[in-house]
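Working notes, beginning with the structure itself.
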Amino acid sequence: MRFKQAINDVISMKHYLSLSELSATEIKNLLDLAISLKAAFKSGGNTPILQGKSLALVFQKPSLRTRVSFEMGMVHLGGYALMISPSEVKMGVRETAADVARVLSGYVDGIMARVFNHDHVVELAEYASVPVINGLSDYNHPAQALADLLTMVEYKGDLSGLKVAYVGDGNNVVRSLLFGGMQTGIDLRIATPAGYALSEDDYDAADQLKNGPAAFKAFTDPHEAVRDADVVYTDVWTSMGDEAETEKRLKVFPPYQVNRQLVAGAKENAIVMHCLPAHRGEEITAEIADGPQSVVFHQAENRLHAQKAILATLLAD
Ligand code: CP
Ligand code: NVA
């Protein structure tokens, strides 16, 4: 089979819960596989390597990109995806994640879950006899980070030594970017307001994952963080589940808006990234989100190709 070797190269992956659980080689192999699958898709080639396979998509939170990219990823690979909306399962309320895992394992070949509490996706993986994929939790968003790394490779080539500045909330998205970035040699600068930084535990974990020229530094001044950056990345100020803090955050975060003045401090050819959904006028101006340096829709499209690499690796025979 055409992609078999590439899939076999990502050897130890049983679930996809965090980039910190993969080796640098496995991440590189996943990226290479995503690039091959994307090329095959763009040239109209068929890659039905998951014929007859099924994936349950369990959502506790809303989604556009994650839902559609995993569902269409399964379709492109010859498989089938089943959407299960938040009101249907009520994981942790109607029944435990352990029971959901054991029941779904009897019906489907894989489970993708978007959860509030990270413990739930960990519990799913512990009790499922099929692979479990983390489609975002309050802790991390590794499916997004793989697409982000793919996008950086496409625009900037080698990730090694690439200067990436993340500006905004120290949340799930930047945590996965940090873990994936350290393994791929990125120089990551993270600017957050005081009180919204990643934790010491996150930085300790990141330290263990450093590879080649990988480095990270925390800032409170966003202008310092973006100086000479190749990539400027931001995300919403209030993540799903934190809505009660919206008003408070709207007062704290405005100095962290990605706007023309901030991006001017990065390299002239810097790209601007955002995992989306975006709130224009809050964390990013419309001028920047829709301007020439923005790659946000390309990045969103890459969710499809990155997710297909994860699916092929975990579910192919
Ligand atoms: N970026 C992302 O995960 O988008 P959705 O919440 O729409 O899936
Ligand atoms: N940090 C955001 C990402 C959405 C894709 C959230 O968790 O809501």
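All values below were derived from every heavy atom in this structure, side-chain atoms included, with hydrogens, water molecules and symmetry-related copies excluded. Order of appearance sets the numbers: ligands from 1, and atoms from 1 within every ligand. FYI, the numbering just counts along the sequence from 1.
Under 4.0 Å from ligand 2, not a single heavy atom of Asp169 appears.
In this structure, Tyr233 and Tyr166 have tilted ring planes: the angle between them lies in the 30° to 60° band. Classified by interplanar angle (parallel below 30°, tilted 30° to 60°, perpendicular above 60°), the ring pair Tyr203/Phe216 is parallel.
Counting only residues at least two apart or in different chains, side chain to side chain donor-acceptor pair (under 3.5 Å) contacts with residues 211-225 are absent.
Those atoms of ligand 2 with a heavy atom of Leu276 less than 4.0 angstrom away are 5 (C). Listed by number with element, the atoms of ligand 2 under 4.0 Å from a non-hydrogen atom of Leu136 are 3 (C), 4 (C), 5 (C), 7 (O).
Sorted by chain then number, the residues whose non-hydrogen atoms approach ligand 1 to under 4.0 Å are Ser63, Leu64, Arg65, Thr66, Arg114, His141, Gln144, Cys275, Leu276, Arg303.
Panel note: side chain Gln293, backbone Ala270; a donor-acceptor pair is recorded below 3.5 Å.
In terms of polar-atom proximity, Lys61 is not counted as a contact of ligand 2, lacking any N or O under 3.5 Å from an N or O of the ligand.
Few gaps surround CZ on Arg280; more than 12 heavy atoms of other groups in view lie less than 6.0 Å from it.
A distance below 6.0 Å separates the ring centres of Phe253 and Tyr196.
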Could you go through Asp148 and Thr151, starting from their C-alpha distance and side-chain angles, then the distance that decides it, and tell me whether this counts as side chain to side chain donor-acceptor pair (under 3.5 Å)?
CA-CA 5 Å; Asp148 297 342; Thr151 306; 5.4 Å; no

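Nearest protein heavy-atom contact of atom 8 (O) of ligand 2 is Met240 N, 2.8 Å. Ranking protein heavy atoms by distance to atom 7 (O) of ligand 2, first place goes to Asn172 ND2, 2.8 Å. Remark: minimum distance from atom 3 (C) of ligand 2 to any protein heavy atom is reached at Asp235 OD2, 3.7 Å.
Side-chain contact annotation: Ser18 with Glu21, donor-acceptor N/O pair under 3.5 Å absent.
A salt bridge does not link Lys61 with Glu243: every distance from a Lys NZ or Arg NE/NH1/NH2 to an Asp or Glu carboxylate oxygen is 4.0 Å or more.
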